[in-house]
Structures are given as structure tokens and as C-alpha cells.
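In what follows, chains are A, B, ... by sequence order, proteins preceding strands, each numbered from 1. Reckoned from all heavy atoms, side chains included, excluding hydrogens, waters and symmetry mates.
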Protein chains: 2
Amino acid sequence: MGYCRLMAVDRDHVLRSAADLLTRKATATMDEVARAAGISRATLHRQFAGRDALVRALEAHGIAACGAALDAARTEEGTAADAVRRLVAAIEPHAGLLAFLYTENQLFEGEEQNAGWTELDERVAALFRRGQESGEFRLDLTPAWLTEALYGLLASGAWAVSEGRLARNDLTHMIVELLLGGALRRETS
Amino acid sequence: MGYCRLMAVDRDHVLRSAADLLTRKATATMDEVARAAGISRATLHRQFAGRDALVRALEAHGIAACGAALDAARTEEGTAADAVRRLVAAIEPHAGLLAFLYTENQLFEGEEQNAGWTELDERVAALFRRGQESGEFRLDLTPAWLTEALYGLLASGAWAVSEGRLARNDLTHMIVELLLGGALRRETS
DNA sequence: CCCATGTGAGACAGTGATGTCTCATCCGGG
DNA sequence: CCCGGATGAGACATCACTGTCTCACATGGG
């Protein structure tokens, strides 16, 4: 019947519009999410058991997108700086979703977080560590902090864009240049 | 009677513990806030008409703290880079509160934000602009973006500290060095 | 000592969101 | 043509939080 394929398509569409809306208004209601997706609350509830399930699906989606971005950026190849540039360029389209998930994780204390994040953190940190070992990056900023800073700048950038304080086209450049400018070892004056 | 002074002291104590708690768990209940402050929900409600009033009081507190930090940092004196160092050092103690307020502002769409923020934004941006005009800072990163990035790094840093991924003592250094490393014009190679 | 003030404990209704349900409708395939 | 599956609309109970209230207590000053 292929109804599975159709449901998957719808599911993706719902996830996409939910990400869009929740980026702008993190406290959006299930009803608002449904309306934003052009479906009824009942149908939304048929596809996602509840708000938790929706958020967890968004989380899985975001983790997958980050993983794909890390793959696409080929973080093992070339200079670490160029790899960071490719990585930010690849992740930037999902900055809004990331910003939502980033704060959502801060919203609750304790509450074990999805293990996928740990792995992503490790892959990103490994990139910064490689840059340190190759002599490109400063040693006084830890890979863990640079990773955290990358998330923070992505989130700040996404919000600045959504509030019109920053041009979407400049987002990648602004993030990369600020991050790398700090992470790159400065010429020994 | 002096009961005004006493109430003010209690109020500050409540604000402080509320800031502490809300930094870790932004969705904390009025009951949790009260318990964290060691008072009953009734008393909390007597001091702050409601959750909105509490958040707005925290916002005013945060704005005042930032304003004081800007004053204390004497952002008009010396090199812009040193001024940024002083500013971050002065603001860092309030990073947790700032992180809470920063996301709280993103939580709702529309909802005019407190005018105090605009003024603070302007003062911070002016500092970065001064650095650009004096030739210290790069011109391709706009003052508005640098301002936003400062907030983002403060928030990221505060969370990283509260989750044990970053030592509190390193916070200022990590933020300043990453931010300035990017904002400082690099030596013409 | 007595009283006033501030407080804690708890009851209470109101509110908004959630999750579940039913039912009418629509649409595509047999 | 008819029927099964999916949908939208809406009713409904539930739940957590809020904001308001009352009452008992205890603490400190007159």
C-alpha cells in the first residue's frame, strides 16, 4: 500500500515545521505545533504519542543531522581550521533546531540526556584536539570548551537571525570567524 | 521599625536563591523556588505578586548588575581589549542569571522585552565599535554580533560550569580569550 | 504580659495544556 | 459503487501550577 512511505513523509514534514516553530517559541503548545504543520491536534497525537515523544523525535533528528554534518565535513581531512569551516557550514542550516534542543537540555536538571549528544561532543572535541596537536589551535582553550562555545555561538546566531539582528547569509561567516579567530593560535608576535 | 530594611534583605536573599535555582532548572515551580529560598510559597507570594513579577524582578536585578559591571569596567578607558577583559570579569559572577534571562527572552515570540536590555546592548556594542575604530578589532564582525556572541558565550560558559564541564575559575579566561581572539585584528601576516 | 506582625501550612477554585475518546467526513482502491 | 483507513473537529477527564484565602503559631516590641 505504501502508506508507510506516506506516513514517513508526513512525519518529516511535521518534524520540520515543529522545529521551525519551536525555534521561535520554545513553549509552543501541541495545538500550535499541529496548526503550524497544517494538521489537527488529533493527527499530531497519532504520530507522536505526546509532547515528550515529539521532542525526543526532534532530538533524534537533530543528532542525526549533526552526525551527517560531521560526516560531510570530513573532519579528519585537511587542516583543522578548514574542517571547522566545513563543519559550521554543514551544521548551520540546523542551527535553529540545535538552539532549541540546546536550551531544552538545560531546562531540566538531572534527567539523563540522550547518549547521542555525548558521541557528537566527542567527535567535535576530537576535531579541536587534532587542531591543537597539529599546532593550529591554542592550547589554553580546552577542546571541551571550544565544543561548548560552538554550540553557544550556533544558538546565539540562530536567535540573532530569527530576531533580525543578523543576516542569515552572514551566519556561517560570523560563527566561523569568531570561533576560529579565538581557536587559531595567533602568530607569535 | 526598620522592617523595610529587613524585607529588602529577605527579598535579595530570595532573588539570589531564585537565580541560583532557575539557572539550573529554568522551569522550576514557585513552590520549588520558595523551598530553595527556605521560605513557604505563601511568603514568596507575598513578596512577589506572581511568577511574572519574580521573573521581572530578576530581570531588573540582572540589568542592574550588567549596568554596574559596565560602569565598573570603565569601558571608555584604555584599550578596548582590556576594557572587554574587565567587562567579562565584572559580569562573570552573574553569568548564571544572565543565561536564564537570555533564554527566557527567547522563550516567547513578540512580547516586547524590557527596554533596559536595549540600552545595555548599545553600551556593549559601543565598546566593540570603539575597538574597531581604534584598529584593535576586526571590521568584518559587526558590533551587534560581537555583543550577541558575548551573551552566548556567557550562557554557554555558565551551563558548562553548572554541569561540571568547565572549572568555574577558568570561566572568565575561556570567555575572554575566545571572544577577544576572534575580535582582535590578527597581525598582518 | 499582651498584642501586632510576619510566617508556615494547607484548602480552594481557576486555568491551561495534555492525553483520550467518539463521531462525522473524506478519499482512494477494489 | 462501496468500504476501509486516515483525518478533523470537538467533547471530556486529568493534571500541574497558579493565585487567593484562612487559620494557627511564634516571635519580638511595647
**Q** Let's test your reading of the model: under 3.5 Å, does the base of dG19(D) pair with the side chain of Arg46(B) as donor and acceptor?
**A**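 Side chain to base: no pair present.
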**Q** Do Glu136(A) side-chain atoms and Ala81(A) backbone N/O form a donor-acceptor pair below 3.5 Å?
**A**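 Present.
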**Q** Quickly work out the Glu32(A) CD to dT18(C) C1' distance and round it to whole Å.
**A**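 Going from CD in Glu32(A) over to C1' in dT18(C) covers 14 Å.
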**Q** Do Val14(B) and Gln47(B) come within less than 4.5 Å of each other through their side chains, counting heavy atoms only?
**A**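 Yes - at least one pair of side-chain heavy atoms lies under 4.5 Å apart.
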**Q** Check this for me, if you would: do Arg138(B) and Glu177(A) make a salt bridge, where the nitrogen-to-carboxylate-oxygen distance has to be below 4.0 angstrom?
**A**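 Salt bridge: yes.
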**Q** Round to a whole Å and report the spacing from CZ of Phe48(A) to P of dA17(C).
**A**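 Answer to the nearest Å: 20 Å.
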**Q** Report the distance from atom CZ of Arg35(B) to atom C1' of dC17(D), rounded to the nearest whole Å.
**A**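 Atom CZ in Arg35(B) sits about 13 Å away from atom C1' in dC17(D).
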**Q** Provide, to the nearest angstrom, the distance between the CG atom belonging to Asp10(B) and the P atom belonging to dT7(C).
**A**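 That distance rounds to 6 Å.
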**Q** Using whole Å, report how far CZ of Arg51(A) lies from C1' of dT20(C).
**A**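 Atom CZ in Arg51(A) sits about 18 Å away from atom C1' in dT20(C).
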**Q** Calculate the interatomic distance between His45(B) atom NE2 and dA9(C) atom C1'; express it in whole Å.
**A**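 Going from NE2 in His45(B) over to C1' in dA9(C) covers 15 Å.
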**Q** Over how many whole Å does the gap from Met30(B) atom CE to dG8(C) atom P extend?
**A**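 Result: 14 Å.
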**Q** Nearest whole angstrom, please: distance from the C1' of dG6(C) to the CD1 of Ile39(B).
**A**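 It works out to 12 Å between those atoms.
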**Q** Which residue lies toward the 5' end of DNA chain D, Arg41(A) or Leu44(A), if each is placed at its nearest nucleotide?
**A**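 In this pair, the answer is Leu44(A).
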**Q** Is any side-chain nitrogen or oxygen of Thr29(B) closer than 4.0 Å to OP1 or OP2 of dC17(D)?
**A**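 Checking Thr29(B) against dC17(D): at least one side-chain N or O falls below 4.0 Å of OP1 or OP2.
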**Q** Should we count CZ of Arg165(A) as having more than 12 external heavy atoms under 6.0 Å?
**A**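 Result for CZ/Arg165(A): enclosed.
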**Q** Can you find a side chain N or O atom of Ser40(B) that sits less than 4.0 Å from OP1 or OP2 on dA9(C)?
**A**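 Answer no for this pair, as no side-chain N or O of Ser40(B) is under 4.0 Å from OP1 or OP2.
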